[in-house]
Amino acid sequence: MLCVGHVNWDVTLIVDRLPAPDGEVKIQRRHQAGGGSAANVAAVLAGLECDASLFGSVGDDGSGALAGRELSRAGVRTRLVEADGETAVKYLIVDADGEVMVLSNRGANEAFTAEDLPPDALTADTDHLHLTNQPPVVAAALAERAREVDATVSVAPGRQFAERDFTDALSRADLVFTNRREAAALLAEDDDGATSYGALRGDTTLVVTHGGDGSEVHDRATGRTHTHDGFDADVVDTTGAGDAFAAGFLAARLGGAGLERALAVANACGAIAAGEVGARVEITWDRIGAVLDDAGRGDPEGA
């Protein structure tokens, strides 16, 4: 499975509350580790015993070297373009409720193009391509290459969905991940009151996350919608929870699980990620099984 998109270095600052104007609060904890949506998904997939590789870009600096080494230790095969300048660094401020505020530099996490991907990285041996947070033209070109080798494609447009035109990439996707806000920008009602899915093909599966309120999957091939209420979690830091969710869904689904089971596994991954600091949390089938057992839902498929 090939993941394409952002590779960052994250600096997380845990505080009990945000300061008032001209105020000050104490930093309770400082944490540094790799981040970036595509890198996060690839790392969780590797932890779930999937054959995961990653294509993206970093700067020619220490942060880029750290990010690459951390991914390699996690079992991810990396194909990183090293660009002039700085690696993208995200400063994440996390309050007592686990909610995240992000400050970032421009960085080099979108310095790659579709032409930078080596020809042997996307071949008939590739079963799936996951695209998240890259320029739409790059996403569309890579999705087309994936379809040429009969690989399935998933797209998670990310925070900039409303500001970027992902029409071409979405029209080539078999599976699309959005949160509620992104789904609202994608979906509309036609004159007859029916839901319009914009650029999505008629057989594209749409997954919508609702944070702590669970998630839903729209199986447009059958016209059915499956929902899952999620799992109780002591939320510490929601950074990367959505990426863990996507990785869990992909690992379960590509491993043969049905949509309902994949949704349960995905929510378990999101709950595990939200319970620890940082975007990179160790997620294994054993940990997923423990969450499902606690909820009385049995062992996960794919374990």
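Index from 1, following the sequence.
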**Prompt:** Quick check: does any side chain N or O of Arg220 sit under 3.5 Å from a backbone N or O of Arg201, one acting as donor and the other as acceptor?
**Reply:** yes
**Message:** Quick check: do Ile288 and Cys269 have side-chain heavy atoms less than 4.5 Å from each other?
**Reply:** yes
**Asked** Does His6 offer a backbone N or O that forms a donor-acceptor pair with the side chain of Gln134 under 3.5 Å?
**Response** no
**Message:** Do Glu260 and His228 pair up side chain to side chain, a donor and an acceptor below 3.5 Å, judged on atom types alone?
**Reply:** no
**Message:** Just by distance, no angles: are the side chains of Glu216 and His226 close enough, under 3.5 Å, to form a donor-acceptor pair?
**Reply:** no
**Request:** Please check if the side chain of Ser57 supplies one atom and the backbone of Val81 the other of a donor-acceptor pair under 3.5 Å.
**Result:** no
**Glu276, CD: over 12 other non-hydrogen atoms inside 6.0 angstrom** = yes
**Prompt:** Salt bridge check: are Glu99 and Arg17 linked by an N-O gap of less than 4.0 Å?
**Reply:** no
**Fill in**
Partner of Met1 under side-chain contact (heavy atoms from CB on, under 4.5 Å), picked from Leu54, Leu250, Asp51, is Leu250
**Request:** Test Phe55 against every option in Leu80, Leu129, Asp116, Leu122 by the side-chain contact (heavy atoms from CB on, under 4.5 Å) rule and name the one that passes.
**Result:** Asp116
**Request:** Sort out for me which residue in Val207, Leu200, Val153, Val208 forms a side-chain contact (heavy atoms from CB on, under 4.5 Å) with Val176.
**Result:** Leu200
**Item:** Any side-chain donor near an acceptor of the partner, Ser154 and His130, under 3.5 Å
**Value:** yes
**Message:** Determine whether a donor-acceptor pair (N or O, by modelled atom type, separation under 3.5 Å) exists between the side chain of Ser104 and the backbone of Lys90.
**Reply:** no
**Asp174 with Arg147: basic N within carboxylate O range, under 4.0 Å** = yes
**Request:** Without swapping roles, check the side chain of Asp60 against the backbone of Gly85 for a donor-acceptor pair under 3.5 Å.
**Result:** yes
**Asked** For Ser215 and Asn267, does a side-chain donor sit closer than 3.5 Å to a side-chain acceptor?
**Response** yes
**Request:** Keeping the roles fixed (side chain from Asp219, backbone from Gly223), state whether a donor-acceptor pair exists under 3.5 Å.
**Result:** no
**Item:** Side chain Thr238, main chain Gly98, donor-acceptor under 3.5 Å
**Value:** yes
**Asked** Can you check whether Gly278's main-chain N or O pairs, donor with acceptor, with Asp237's side chain at less than 3.5 Å?
**Response** yes
**Prompt:** Can you tell if the side chain of Leu117 reaches within under 4.5 Å of the side chain of Phe112, non-hydrogen atoms only?
**Reply:** no
**Prompt:** Looking at side-chain heavy atoms only, is the closest gap between Leu18 and Val25 below 4.5 Å?
**Reply:** no
**Prompt:** Looking just at side-chain N and O atoms, do Trp9 and Gln32 make a donor-acceptor pair shorter than 3.5 Å?
**Reply:** yes
**Item:** More than 12 heavy atoms of other groups within 6.0 Å of Arg180 CZ
**Value:** yes
**Message:** Quick one: does any side-chain atom of Glu182 pair with a main-chain N or O of Asn179 as donor and acceptor, under 3.5 Å?
**Reply:** yes
**Message:** Regarding Ser37 and Asn40, do their side chains bring together a donor and an acceptor under 3.5 Å, going by distance alone?
**Reply:** no
**Distance-only donor-acceptor check, side chains Thr12 and Asp10, under 3.5 Å** = no
**Prompt:** Tell me, do Phe231 and Leu292 make a side-chain contact under 4.5 Å, heavy atoms counted?
**Reply:** yes
**Pairwise side-chain contact, Val89 with Val11, heavy-atom cut-off 4.5 Å (strictly under)** = yes
